[in-house]
Amino acid sequence: MSIMKQTFAAAIFSAAALLAPSQDAQAQAAPKGVKNIVLVHGAFADGSSWAKVIPGLQAAGMNVIAVQNPLTSLEDDVAATKRAIALMDGPVLLVGHSYGGMVITEAGNDPKVAGLVYVCALIPNDGQSATDVGAAFPAAPGNAEIRPDAAGFLSLTRKGIREHFAQDLPMQERDVIFATQTPWATKATVTKISTAAWKSKPSWAIIGTEDHMVTPPLARAEAKMINAKTSELKASHVPMVSMPKKVTDIILGAAREL
């Protein structure tokens, strides 16, 4: 090749290198985090559990769906959650409160799920039911206020809501939670999950230090088991209601890390 041709070729390669972004630049330009969040409520509740969290997530640009679990069986609740995941365009951060932790541990195996956030939640291992999760720990104080009905569903007494479920809320809010609670099918407490999604997905955990339903010793053991990034809040079992800003910030932080 002549010197002139060599010089011309070198100039072309140099120009191409200047025009093409480096791998580092491409990595910096690539958006980080997920924009889709699916919120899963627990027993004795419905999607309005997240009413104080949703506006903050939306204001941060997140696409949010709060699942309305029927609470008729674990299978039905997982199916409802999977339908919500399917509606999302892209990767999803799955957030579960209380019994919702059972649901997201199963539904989280969906390939669209990028991460899991457990809020005062039951976190099962492979082949465990909700009953199995807490078997090695003393019964939570709130359990004494759970009542079965003739149709095979469970509800919390007014005392249970006021003193053990939402004791850090104004009394009026506690009584609204009592009046609007959704009964929980007894069979859902003994249905076992198959494979725990946290074994293959990054996880976060929020622990309420005043939680009388999923007690702090149990919650800490769960968080350690799944190697979760953990935050402790001086809250009851419903920090998304009593401390919505802090819960929102933790969820947003998780979404941005993914």
Side-chain angles (χ1 to χ4, degrees), residues 37 39-54 56-57 66 69 93-105 115-124 130 133-146 156-178 180-182 184 189 198 203-254:
I37 298 177
L39 304 169
V40 183
H41 66 82
F44 318 121
D46 63 15
S48 66
S49 301
W50 303 103
K52 294 182 181 180
V53 169
I54 291 170
L57 296 176
N69 283 329
L93 176 63
L94 200 51
V95 183
H97 170 247
S98 190
Y99 158 74
M102 299 291 301
V103 179
I104 71 169
T105 301
L116 307 162
V117 178
Y118 292 93
V119 182
C120 295
L122 296 173
I123 308 176
V133 171
F137 291 81
N143 288 1
E145 296 302 319
I146 296 174
L156 268 173
T157 66
R158 186 185 298 274
K159 178 181 177 181
I161 295 289
R162 285 182 170 183
E163 297 182 12
H164 300 298
F165 192 83
Q167 70 271 20
D168 55 350
L169 295 179
M171 190 62 73
Q172 186 177 37
E173 285 191 67
R174 297 184 224 180
D175 287 344
V176 169
I177 290 174
F178 170 74
T180 59
Q181 68 174 298
T182 302
W184 181 30
T189 69
W198 52 260
S203 300
W204 288 258
I206 296 175
I207 295 170
T209 60
E210 311 302 312
D211 191 343
H212 297 176
M213 304 300 297
V214 178
T215 60
L218 170 58
R220 291 177 183 126
E222 293 175 326
K224 183 178 180 180
M225 174 182 70
I226 70 173
N227 194 30
K229 295 183 179 180
T230 304
S231 302
E232 294 200 4
L233 302 178
K234 190 176 182 181
S236 69
H237 188 56
V238 290
M240 68 283 190
V241 185
S242 62
M243 296 186 173
K245 176 64 166 60
K246 291 185 177 181
V247 172
T248 300
D249 287 345
I250 292 167
I251 294 172
L252 287 174

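- Counting only distance, with no hydrogens or angles, the side chain of Arg174 and the backbone of Ile161 share no donor-acceptor pair below 3.5 Å.
- Remark: side-chain polar atoms of Thr157 are paired, donor with acceptor, to backbone N or O of Gly160 under 3.5 angstrom.
- Shown here for Pro244 and Val53, the closest heavy-atom pair between the two residues is O-CG2, 4.1 Å.
- Side-chain contact between Ile123 and Val133 is absent, with no heavy atoms from C-beta onward closer than 4.5 Å.
- Panel note: side chain His41, backbone Asn69; a donor-acceptor pair is recorded below 3.5 Å.
- The minimum heavy-atom distance between Gly101 and Pro124, with the atom names listed, is O-CD, 4.0 Å.
- Using a 4.5 Å cut-off on side-chain heavy atoms (C-beta onward), Val119 and Pro239 make contact.
- Separating the CD atom in Glu222 from the OG atom in Ser203 is a distance of 11.5 Å, to the nearest 0.5 Å.
- At a threshold of 4.5 Å between non-hydrogen side-chain atoms, the residues Leu116 and Ile226 do not count as touching.
- Side-chain atoms of Thr182 come within 3.5 Å of backbone atoms of Ala45 as a donor-acceptor pair (strictly under, hydrogens ignored).
- Note that CH2 of Trp50 is 10.0 Å distant from CD1 of Ile37, once rounded to the nearest 0.5 Å.
- Met243 and Ala235 make their closest contact through SD-CB, 4.1 Å (heavy atoms, listed as atom of the first residue, atom of the second, distance).
- When all heavy atoms of Gly134 and Leu218 are compared, the pair lying nearest together is CA-CD2, 4.2 Å.
- Note: Leu233 CG to Glu210 CD = 11.0 Å, rounded to the nearest 0.5 Å.
- More than 12 heavy atoms of other residues, nucleotides or ligands shown are found within 6.0 angstrom of NZ on Lys52.
- A distance of 11.5 Å separates NE2 of His237 from NE2 of His212, quoted to the nearest 0.5 Å.
- Among all heavy-atom pairs drawn from Leu156 and Phe178, the shortest one is O-CE1, 3.5 Å.
- Within the 4.5 Å cutoff, the side chain of Val95 has no heavy atoms near those of the Ile104 side chain.
- The structure places CE of Met213 at 10.5 Å from OG of Ser236, a figure rounded to the nearest 0.5 Å.
- The aromatic rings of His97 and Phe165 stand perpendicular to each other, their planes meeting at an angle above 60°, with 30° marking the opposite boundary.
- Rounding to the nearest 0.5 angstrom, the gap separating the CD atom in Glu232 from the CG atom in Asp211 is 11.0 Å.
- The two atoms that bring Asp46 and Thr180 nearest to each other are OD2-O, 4.5 Å, heavy atoms only.
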